[in-house]
Every structure is written in C-alpha cells, then in structure tokens.
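Accompanying notes for the structure given below.
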Amino acid sequence: MRPERYNFRESERKWQKTWSEREVFATGKSDWRPHYYVLEMFPYPSGRIHMGHVRNYAMGDVVARYKRARGFNVLHPMGWDAFGMPAENAAMQNSTHPAKWTYANIDAMRAQLKSMGLSLDWSREIATCDPSYYKHQQRLFLDFLSAGLVARKKSKVNWDPVDHTVLANEQVVDGRGWRSGAIVEQRELTQWFLKISDYSEELLTGLDALDRWPEKVRLMQRNWIGKSEGMMVRFAIDPASRGKLAGEAAATELEIYTTRPDTLFGAKFMAVAPDHPLAAAAAAHDPKLAEFIEECRRIGTSVAAIETAEKKGYDTGLRVFHPFDANWRLPIYVANFILMDYGAGAIFGCPAHDQRDLDFVNVYGLGVTPVVCPPGVDPSTLTVGKVAVDGDGVMINSRFLDGMTVESAKAEVARRLEAHTLGNRPQGQRQINYKLRDWGISRQRYWGCPIPIIHCEDCGTLPVPAADLPVRLPDDVTFDAPGNPLDRHPTWKHVACPRCGQPARRETDTMDTFVDSSWYFARFTDPWNEAAPTTPEVANSWLPVDQYIGGIEHAILHLLYSRFFTRAMRKCGHLGLDEPFAGLFTQGMVVHETYRDAAGQWVAPSEVRIGAEAGERRAFALKGDAPIEIGPIEKMSKSKRNTVDPDEIIASYGADTARWFMLSDSPPDRDVIWTEAGVQGAYKQTQRLWRLTCEIERVVGASRPGKPTNFSPEATKIRQIAHAALAKIEDDVEGLRFNVCIATIYQLANSLSAAIGAIDDADIADDLRYAFAEAGDMLTHAFAPMMPHLAEECWEALGHGTLVAQSPWPQIDRSLIVATHVTMPVQVNGRKRADLTIERDADAKAVEAAALALDAVRKALDNKPARKVIVVPQRIVNVVV
RNA sequence: GCGGACGUGGCGAAACCGGUAGACGCAAAGGACUUAAAAUCCUUCGGCCGAAAGGCUGUGCGGGUUCGACCCCCGCCGUCCGCACCA
C-alpha cells in the first residue's frame with residue numbers, strides 16, 4: 001500500500017539527490033538533438049533568495065523541463081552577478097572583506113536554489129567577481145579598445161563630496177547622495193566610455209525583428225534611443241553685436257539643431273545652453289551673465305528642480321541674421337532649458353509651435369507669429385495664447401513657404417539651406433540625432449572588474465598586455481576611509497610602463513557592474529574555456545537565448561547593453577550574431593498586504609494572525625493579540641516588512657507547493673498576490689494529485705496491460721479527455737500561460753477523479769486499465785514541469801522504473817481529440833435558446849434544419865418564420881426573426 | 001505634458017480569429033463522516049423575479065458597426081506603468 005499522504009520533506013530530498021547523482025540536468029556537449037537555451041536573469045548574491053526569485057526561476061524551470069521532455073538538448077545554467085556596492089557597504093559596516101561576504105552569500109543562495117529543485121546545470125556556474133570570469137571581461141575591453149569601441153573622454157558626473165565617488169543617476173535622490181545625504185555636485189571627470197552610440201541605428205532597427213519580445217519593452221528601448229530627424233543650421237552672427245565677445249578668435253556663427261525647419265519664419269529668438277562655448281565667451285565680459293550661468297548649473301542636477309523650474313534666460317546682446325532675410329535680426333539668449341549634450345546645444349525658438357519656446361517668450365515678451373495653420377481654422381482668426389499649436393497644417397506668414405504642408409515646407413527649407421553657403425559650407429544640413437549617449441563605465445569603486453589600463457607619463461594610456469591578464473583586485477584593502485580603496489592602496493597602482501618600463505600608474509577605476517551582466521549568457525555556453533571569453537562555434541550553436549525571463553526593471557539598461565555587447569563581440573570575433581535574446585518574457589512582481597501596529601510600525605506577515613470580525617477580515621498581533629491595521633498590497637520589501645521567506649515556505653509546504661502557487665492564478669506577466677490561503681490551497685492540490693495517482697494505480701493494478709486494439713466507449717472517453725487536455729497544456733506552456741495551464745491540469749484531474757468514481761471496481765477490463773494508466777502518465781507529465789518532485793513520486797507509483805525528468809512527452813493521438821459529434825449553441829436573435837448535438841461534418845443545411853426543429857427554438861420563434869439563419873460550422877447557429 | 005497598458009462575480013482570473021461570458025482556483029454558506037477537530041467528500045455560489053421550470057439583466061460609462069461585441073470603431077471616466085525642458 002502506498003502512503004495516504006505525500007511526504008514532501010522526504011521526497012524532495014530524495015529526488016534532488018537522485019537528479020544530482022545521475023547528472024540529469026548536465027547539458028551534453030556532444031548531443032545531436034536540437035538546442036534550446038532557457039535563461040533567467042541571474043541574481044545578485046544579496047544573501048537570501050526572495051519570492052521574486054522563486055517566481056522567476058519557477059517559470060524558467062517549467063520551460064526547461066518541458067523542452068527537455070519535448071526532445072531538446074536544453075541549456076539551463078545559473079550564476080551570480082556578484083560585483084557591486086552592497087558588498088562594499090557590508091565591508092564598511094561589518095569589517096568583512098567584500099569577497100568573503102559575497103562568496104558566503106553565494107553559498108547560502110545556492111543551497112536555497114537547490115532546495116527548489118530547479119533543473120539547472122550547476123557544472124556551468126559562474127560568478128562575475130571571480131578572476132576566471134573577469135579576466136575575459138578585461139580581454140573584451142581591450143578588444144573593444146582596438147576595435148575603436150572604447151573612448152576616454154571628459155564628462156559631467158554626479159559626484160558625492162562626502163563619499164568621494166561618482167553616483168549613478170538612480171543613486172541621486174532629490175539632488176542628494178542616497179547614502180551620505182550630501183548635495184551632489186556636477187563634476188567633469190575623465191571617464192572610460194563604451195561607444196554604444198555607434199550602434200544607435202542598428203539597435204533601433206534590430207528591435208523590429210524581436211517579435212518574441214514584449215511590445216512594451218521594445219517601445220521603451222525605441223524611446224530611449226530617441227531617434228529624431230532634423231537639420232543643423234548655422235546662423236551668421238551680426239558683426240555689429242560681436243563687440244560683446246572676448247578675443248580675436250570670437251565666433252562668427254551659431255549652429256543650432258531643429259526638427260522644425262519649416263517654422264523658421266516663426267523664429268523669435270535664439271537660445272544656447274548655459275555651458276555652451278558662446279555663453280562662456282559672452283560671460284567673460286558680463287559678470288551678470290556669469291552669475292546666471294552659475295545659477296543654472298546649481299539647479300541643473302535635481303530632477304525635482306527641473307520639473308518646477310521656470311523658463312529663464314539672459315540676453316547676451318549678440319544678434320544673428322535670419323538665414324532667409326539679411327535684415328532680420330534675432331537675439332541670442334542663454335537659457336536654462338537648453339541641454340548642451342543634445343543636438344548642437346543651441347536652438348532657434350519658435351513660440352507659436354513649441355510649448356517651451358512659448359513659455360519662454362511669455363516671460364520676455366518677444367512676440368508670437370503663427371506659421372502653421374491647423375486644418376479647418378481660418379488663418380486670419382488664428383491666435384496663440386498659452387498653448388502652442390502642434391500637429392499638421394498649412395504654412396502661413398512664411399513667404400515662399402505659404403500654402404505648403406509642413407512636410408513639403410521642411411523639404412523646401414532643407415533644399416534651400418543645403419544649396420546656400422555660409423563661409424565655404426552649406427548653411428544647413430539634414431541630420432539624424434539620437435538621445436542615446438555613450439555608456440560611461442568608470443566607477444571609483446573597489447568591488448568591480450579592474451579596467452586593464454596603465455597610464456604612463458611619457459607613453460600615454462596603454463592597454464595591459466594580454467599576457468598580464470587578469471588584472472586582479474588586491475585582497476589587502478581597507479574601507480575605513482571614504483573614496484576608492486584601490487586608489488589609496490600603497491602598492492597596487494604602481495607598475496612599470498609596459499612600453500618604456502618607467503614607473504607608471506594603473507587605472508584605479510573599475511567597470512560598471514552592468515558590464516558584467518552584458519555577456520554572461522555567452523560565457524555560459526562554454527565556461528571552461530580558459531583561453532578566451534567564448535568558443536565562437538559553441539556560442540553560436542546555443543545563442544541567441546531562446547527564452548529569457550526576468551523583471552521589467554531591466555527593460556532598458558541591461559537588455560540594451562547586452563544587445564550592444566553582442567554586436568561589439570561580433571565585431572571582435574567572439575560571437576557571430578546580433579541579438580542575444582530571441583524570446584523575452586518579463587514577469588510580474590510578488591506583492592503582499594502590508595501591516596502596521598497601533599504605533600504605525602510595520603509588522604511582518606509572520607507576526608500577524610488573520611481572523612474575521614463581523615464578517616470583515618481583521619488582523620491581530622500573534623503576540624498579545626493587539627489589533628493590526630491591514631494596509632495596501634505592495635511589492636514585497638524589507639522596509640515595509642511585507643516579505644515572506646522562501647525558506648520558511650519550503651520548510652512548511654515544500655518546494656513544489658511554493659512553485660505551484662507562484663505559477664497558478666495570476667498571469668505570469670502580472671503581479672501575483674501572496675496569501676497564506678493561496679499557499680495552503682496549492683498544498684492541498686499536491687496531496688490531491690497524489691491521492692488521485694494512488695487511485696489510478698489501484699485501478700490499473702500491479703501489471704500494466706498492453707495497448708488493446710479496441711477500446712470501449714468508456715475507455716475511449718477517458719483517452720479523449722486525457723489527450724485533449726495534454727494538447728491544450730502543450731499550447732499553454734508554449735505560450736507561457738502557466739495559470740491557464742494549471743487550470744487545465746485541474747480540469748483533467750477532476751475528470752479523472754469523476755471517472756474513477758464511476759467505474760465498477762469488481763471487474764475492470766484491460767482497455768479501461770490501459771486508458772487509466774495512459775491518462776495517469778499524461779497527468780504526471782503535465783504537472784512535472786511545475787511540481788517535479790511530486791511528479792517523480794507519482795511516476796514511480798505508476799510503475800515506471802525511469803525518471804519522469806528523463807522521459808519523453810507522451811505522444812498525443814490527434815484523431816482522438818477530433819470528436820465525431822459537436823455540440824453547438826443555438827441562438828434566437830443572439831440569445832442562446834438550446835444546444836444542438838450533431839455530426840461534426842454535417843453541412844450547413846442539415847444543421848439549420850436540425851436547429852429549427854428543436855423544441856426550444858420553435859417555442860422561442862413562436863410560429864414566426866425565421867428571416868435568416870446564420871450557421872457557423874462547428875461553432876454556433878443564430879436564428880434571426 | 002508625451003507615450004503605453006489595463007478596467008469582467010466577494011477575490012485571483014478564463015474566454016486563443018467577432019460566436020454559449022465567468023473555465024479553473026480562493027473565500028463563503030449548507031450538508032456527510034468524526035466523541036471533537038483537522039483532513040476528506042457532496043451541494044450551492046454574478047444580480048433581480050420565481051418553489052421550480054424558466055425569464056429578465058449583466059464584462060468601467062455613453063454611443064456606433066454587426067445576425068451576433070469583454071473583443072472592432074468614436075467619445076468619456078478611472079487605475080497603473082514608462083519617459084520627461086531631447087529642440
């Protein structure tokens with residue numbers, strides 16, 4: 001006799017051991033079967049896995065196990081995104097070494113992941129902080145350098161004056177450093193850049209082919225790349241106004257960028273960015289202007305300030321000539337809303353058709369002339385008040401452009417300005433601009449990949465010779481002072497110049513951690529290669545990743561950087577493809593109710609008892625029974641203490657239950673609400689499936705019958721149910737609709753339960769026993785990707801000597817699914833009145849006649865003749881009176 | 001401000017191409033078994049009328065197209081997300 005209850009503790013341990021001993025999930029290196037690469041975004045080793053990880057990895061594991069059953073050679077690896085600031089923060093707080101802290105966390109999290117029973121190939125495990133990984137990253141950096149994909153340039157950065165380090169934009173909150181609380185300064189620092197903007201156009205057009213990516217992510221990347229088509233136009237500066245400028249070499253012209261050359265006759269002013277060279281030149285003789293520029297700089301960083309800042313400007317006194325009218329002069333302002341690093345850092349202002357320009361003009365009273373008249377508006381009555389006019393229309397007040405459409409006016413202005421010369425060059429030139437900036441990767445941090453560069457006073461900036469890689473992080477560093485420990489290390493940075501041998505200085509900046517995660521998916525394809533980052537023919541055989549799964553928060557940064565890296569690696573011969581991820585799925589978050597006590601302090605779910613009072617849900621403290629306020633459902637976070645520890649769930653209910661609950665109910669791309677009742681429900685289902693399997697085993701008996709040649713109607717019915725359900729489950733898993741898939745599994749289980757209840761136990765015929773055995777196998781296969789431990793236990797109970805994890809997906813007999821008869825609803829005037837069961841291939845005439853003959857239909861018609869009968873074969877009949 | 005997504009029972013949701021709205025699950029109510037509890041099993045479960053059969057109504061709101069609309073079109077309302085002085 002099988003035990004009544006399924007003991008998850010015993011079974012999960014047993015099957016995990018079996019899988020590991022038999023190396024069931026190690027990916028064969030020489031395997032003729034088609035490849036399938038499924039990958040979940042690898043975790044940062046913070047110390048503990050959280051429910052978001054459980055959800056993410058449960059989904060990936062369903063795909064991996066399913067594809068393995070479908071006959072693919074599946075690659076499903078795991079690693080650690082192990083560099084980053086938390087390790088340094090921990091080092092400062094607990095005086096432990098970042099490496100020690102990180103590797104201890106990795107050990108703890110690996111054990112947690114293993115307790116989930118994931119079908120991972122642990123032999124390929126990598127950690128980005130390991131020299132065996134970052135040595136190849138340094139090699140990639142040097143290859144990119146030789147390929148012209150690396151630049152060293154000055155740029156503005158967020159500088160925290162207390163912590164002495166650069167901060168990422170995300171780490172600046174309301175103009176202050178997130179850790180120190182100090183007001184962040186804008187500093188010019190020389191930084192290393194990866195030239196992602198070389199690929200702006202390719203990264204943009206490449207999105208079109210990523211048809212298995214969420215449209216939302218593609219759109220976000222499109223907006224981020226921010227392509228715009230416009231013109232660079234040079235305006236001559238009126239010599240009479242140039243006295244304002246300093247020096248003999250003073251500028252004679254001003255170049256601007258515009259996407260609206262058609263509105264040139266609506267121009268009222270010119271504006272340059274506060275850090276534009278012309279602004280600096282004009283400020284040299286104008287202390288008030290210098291002060292204005294300084295003020296703009298101070299406000300510059302804070303997002304909040306930008307939102308509320310009014311449009312402000314300062315008239316330099318300089319004047320330019322309108323390109324189409326030598327008698328038309330326009331003033332040059334320095335304005336706080338012009339960005340230096342976009343376009344030319346200067347614009348011409350057309351207030352009628354640009355909201356910002358209009359706001360500006362309304363402050364300084366420079367006037368408004370509309371030049372585009374929207375359709376259906378009388379030009380003589382057109383006025384512009386507080387809202388600029390955008391959109392299409394007909395050109396007015398624009399001399400030779402009058403009457404043209406916006407589009408043809410743009411073309412006409414472009415044609416004329418390209419033909420017209422200023423100096424010896426065309427006055428205007430069509431140009432495409434992108435918002436995408438080059439990627440600054442320098443970080444003044446210890447716990448990151450060292451940039452393999454040596455600075456020599458005589459020879460300049462030199463790459464570390466390949467033979468000297470890796471540039472290893474020194475172990476003996478201190479974190480007792482702010483700033484970069486590498487920079488103040490007594491010896492590490494002092495090296496001999498690889499060219500002249502004189503004393504030189506090592507680069508002490510390390511790489512942004514996003515570099516580490518930009519190519520790990522490629523490393524997984526051959527992590528044993530010590531000589532090179534990839535083995536191209538192996539990498540090319542696995543990549544692109546067939547299914548990548550992770551959070552939407554990486555929609556831009558990580559997913560864009562990886563797309564760039566793949567192209568850069570292709571250029572250097574490490575890969576032979578463009579796109580790293582053929583399929584992308586972004587899963588929703590795990591959310592939970594929040595709780596607060598009377599004092600307003602957050603209370604953890606584990607400290608709360610949920611009860612009912614007067615029919616309403618109420619919460620009480622486990623200790624003392626004080627009432628607890630139930631707050632809104634929010635993303636699980638430590639600060640609100642609404643987290644649930646996966647370890648505790650796995651200990652109380654088992655990994656299968658945790659996985660099953662994460663996959664059921666909510667669509668995978670939406671948030672899932674974690675509830676105690678939901679977990680308990682999932683747990684009940686594991687027991688129910690186990691009981692059902694035991695019953696099937698009892699019906700089937702000790703020896704399985706062979707496949708009979710004929711099946712009784714009862715046996716056929718069971719086979720139809722099982723085959724049809726499995727076919728639907730295939731579709732659901734392929735479409736990543738796990739919640740629907742689970743509903744179908746429930747339906748199958750319910751049907752089989754009912755069928756068993758209906759049979760007469762006395763004498764069970766072989767064909768029925770066969771049908772139940774087959775249905776039991778199919779049911780087990782159906783839930784095996786979600787609850788793999790229970791599935792192994794059931795598989796064994798059903799009399800198999802093999803592992804379900806290594807068994808092929810059952811063959812579906814499609815002829816069983818197509819029934820001979822169909823039942824279709826019959827509507828009268830769009831309202832359902834009856835069901836009609838008829839031969840599947842009955843022709844429309846026969847269906848119509850049968851439908852009209854139904855009592856319920858005749859009654860609904862009430863002797864009135866049918867005006868029209870619509871028959872959709874195998875779907876529906878609608879009788880119109 | 002710009003862009004996008006979503007809105008279906010008490011709750012999570014399903015409905016794949018315009019064809020039976022609410023599959024499946026949770027919660028709830030009633031019952032069986034039990035000394036009792038847990039576990040398990042059975043029944044009911046969008047709203048209104050009705051003992052039932054059945055009828056009417058119903059997918060955020062208002063229109064439209066269609067034999068037929070959760071689905072398509074137009075106009076609103078609400079929620080969430082992303083971007084944001086990008087010329």
Side-chain angles (χ1 to χ4, degrees), chain A residues 4-5 214-217 219-220 222-224 226-228 230-231 256-261 263 271 273 303 306-307 309-311 335-339 341-350 353-357 359-360 387-388 390 433-437 552-553 555-556 612 615 617 661 664-667 669-673 675-682 684-685 687-688 691 728 731-732 735 737 739-750 753 757 823-835 856 859 866-872 874-881:
Chain A
E4 268 297 294
R5 293 184 68 75
E215 187 50 42
K216 183 188 171 80
V217 174
L219 194 70
M220 282 168 75
R222 261 183 215 115
N223 291 339
W224 188 262
K227 181 178 183 174
S228 84
M231 288 194 83
I256 60 99
Y257 178 71
T258 179
T259 56
R260 294 299 302 272
T263 64
V303 175
I306 285 171
E307 263 172 20
E310 279 177 42
K311 301 282 175 286
N336 64 349
F337 63 98
I338 308 300
L339 304 172
D341 59 358
Y342 184 80
I347 60 147
F348 82 83
C350 174
H353 305 291
D354 184 292
Q355 191 60 47
R356 291 157 307 179
D357 296 349
D359 294 344
F360 186 77
V387 182
D390 55 7
N433 269 340
Y434 301 89
K435 287 190 222 171
L436 185 63
R437 298 273 89 92
I552 186 81
E553 67 272 19
I556 293 173
R617 277 182 86 246
F661 178 52
S664 55
D665 285 348
S666 287
D669 53 347
R670 269 191 234 173
D671 291 353
V672 62
I673 305 169
T675 62
E676 189 64 20
V679 190
Q680 282 169 9
K684 273 194 233 171
Q685 297 302 334
Q687 296 296 347
R688 217 177 126 234
R691 277 196 308 275
K728 178 153 173 20
D731 288 348
D732 292 338
R737 292 181 295 271
N739 57 324
V740 185
C741 177
I742 284 176
T744 311
I745 291 170
Y746 281 141
Q747 257 173 329
L748 174 60
N750 290 347
S753 248
T823 299
M824 47 208 277
V826 181
Q827 299 179 330
V828 176
N829 285 337
R831 193 156 290 146
K832 187 194 166 188
R833 296 297 176 180
D835 280 316
K859 197 179 144 207
R867 252 197 311 134
K868 193 172 166 189
V869 180
I870 289 124
V871 176
V872 185
Q874 292 154 45
R875 296 231 69 143
I876 201 165
V877 180
N878 193 9
V879 182
V880 187
V881 183

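These numbers come from a predicted model, not from an experiment. Just so we're on the same page: letters track the sequence lines, and every chain starts at 1.
The side chain of A:Ala743 approaches B:A23 more closely than any other nucleotide in the set B:A23, B:C85, B:U20. Taking the side chain of A:Asn878 as heavy atoms from C-beta on, and the options B:A13, B:G68, B:A87, the nearest nucleotide is B:G68. Here the nucleotide nearest the side chain of A:Ser666, chosen from B:U40, B:G12, B:G25, is B:G12. The side chain of A:Leu219 lies closest to B:G4 when the candidates are B:G4, B:G25, B:A14. With distances taken from any side-chain atom of A:Ala677 to the nucleotides B:A14, B:G25, B:C26, the minimum falls on B:C26. Considering only the side chain of A:Arg691, B:U40 comes nearest among B:U40, B:A87, B:G19. Here the nucleotide nearest the side chain of A:Lys728, chosen from B:G12, B:C16, B:U20, is B:C16. Comparing atom distances between the A:Ser228 side chain and each of B:U20, B:C24, B:A87 picks out B:A87 as nearest. Listed nucleotides: B:C85, B:G25, B:G19. Nearest to the side chain of A:Phe337: B:C85.
Here the separation of B:U20 from B:C72, taken at their P atoms, is 16 Å to the nearest Å. Taking atom C1' in both B:G3 and B:C11, one finds a spacing of 32 Å when rounded to whole Å. Here the separation of B:C83 from B:G9, taken at their P atoms, is 31 Å to the nearest Å. The separation of B:C70 from B:G22, taken at their C1' atoms, amounts to 11 Å, rounded to a whole angstrom. The C1' atoms of B:G58 and B:C49 are separated by 15 Å, rounded to the nearest whole Å. Comparing the P positions of B:A39 and B:G62 gives a spacing of 45 Å, expressed to the nearest Å. For the C1' atoms, the distance from B:U66 to B:C71 is 13 Å, rounded to whole Å. Only the P atoms considered, B:G60 is 14 Å distant from B:G12, to the nearest whole Å.
Between the side chain of A:Tyr257 and the backbone N or O of A:Tyr342 there is no donor-acceptor pair closer than 3.5 Å. No donor-acceptor distance shorter than 3.5 angstrom exists from the side chain of A:Arg260 to the backbone of A:Asp354, with no hydrogens or angles considered. Judged purely by atom type and a 3.5 angstrom limit, A:Asn433 has no side-chain atom pairing as donor or acceptor with the backbone of A:Ser228.
Across all strands shown, B:A28 forms a Watson-Crick or G-U wobble pair, both distances under 3.5 Å, with B:U44. Under the Watson-Crick and G-U wobble criteria, each requiring two contacts below 3.5 Å, nucleotide B:C67 is paired to B:G19. Base pairing of B:C83: its partner is B:G1, meeting the Watson-Crick or G-U wobble criterion (both donor-acceptor distances under 3.5 Å). Across every strand in view, B:U8 sits unpaired, with no contact that passes the Watson-Crick or G-U test at under 3.5 angstrom. Base pairing of B:A52 is not made with any nucleotide, judged by Watson-Crick or G-U wobble geometry with both donor-acceptor distances under 3.5 Å.
Between A:Gln685 and B:C26 there is a side-chain polar atom (N or O) within less than 4.0 angstrom of OP1 or OP2. Phosphate proximity of B:A23 to A:Asn739: absent, as no side-chain N or O sits under 4.0 Å from OP1 or OP2. When the side-chain nitrogen and oxygen atoms of A:Tyr342 are compared with OP1 and OP2 of B:A87, one or more of them lie within a distance under 4.0 Å. A sub-4.0 Å separation between OP1 or OP2 of B:G12 and a side-chain N or O of A:Ser664 is absent.
B:C49 takes the anti form, because its glycosidic angle lies more than 90° either side of 0. Its glycosidic angle being within 90° of 0, B:G9 falls on the syn side.
To the nearest angstrom, C1' of B:A13 lies 8 Å from CZ of A:Arg670. Rounded to whole Å, atom C1' of B:C81 lies 13 Å from atom CD of A:Glu553. Between A:Glu676 atom CD and B:C11 atom P the separation is 22 Å, expressed in whole Å. What separates NZ of A:Lys868 from C1' of B:U66 is a distance of 9 Å, to the nearest Å. Here the C1' atom of nucleotide B:G19 and the CZ atom of A:Arg875 are 6 Å apart, to the nearest Å. Atom-to-atom, CD1 of A:Ile556 to P of B:C81 comes out at 16 Å; the value is rounded to the nearest Å. Per the geometry, CG belonging to A:Asp357 stands 7 Å off C1' belonging to B:A87, to the nearest Å. Protein atom NZ of A:Lys216 is 9 Å distant from nucleotide atom P of B:C83, rounded to whole Å.
At the heavy-atom level, A:Tyr746 lies under 4.0 Å from the strands shown only through sugar-phosphate atoms. Within the nucleic acid shown, A:Asn750 comes within 4.0 Å of sugar-phosphate atoms alone, with no base atom in reach, counting heavy atoms only.
For A:Arg222, the side chain to side chain donor-acceptor pair (under 3.5 Å) test picks out A:Asp208, A:Glu215, with sequence neighbours left out.
At least one side-chain heavy atom of A:Thr263 sits less than 4.5 Å from a side-chain heavy atom of A:Phe348.
Within the cation-pi definition used here (under 6.0 Å to the ring centroid, within 45° of the axis), A:Lys311 qualifies as a partner of A:Phe337.
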Requested in this report: Using the side chain to side chain donor-acceptor pair (under 3.5 Å) rule, take A:Ser664 and A:Tyr746 through it: C-alpha gap first, then chi angles, then the decisive distance, then the call.
Outcome: CA-CA 11 Å; A:Ser664 55; A:Tyr746 281 141; 5.5 Å; no
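Of the candidates A:Asp731, A:Ile745, A:Asp732, A:Asp732 is the only one forming a side chain to side chain contact (heavy atoms under 4.5 Å, CB included) with A:Val740.
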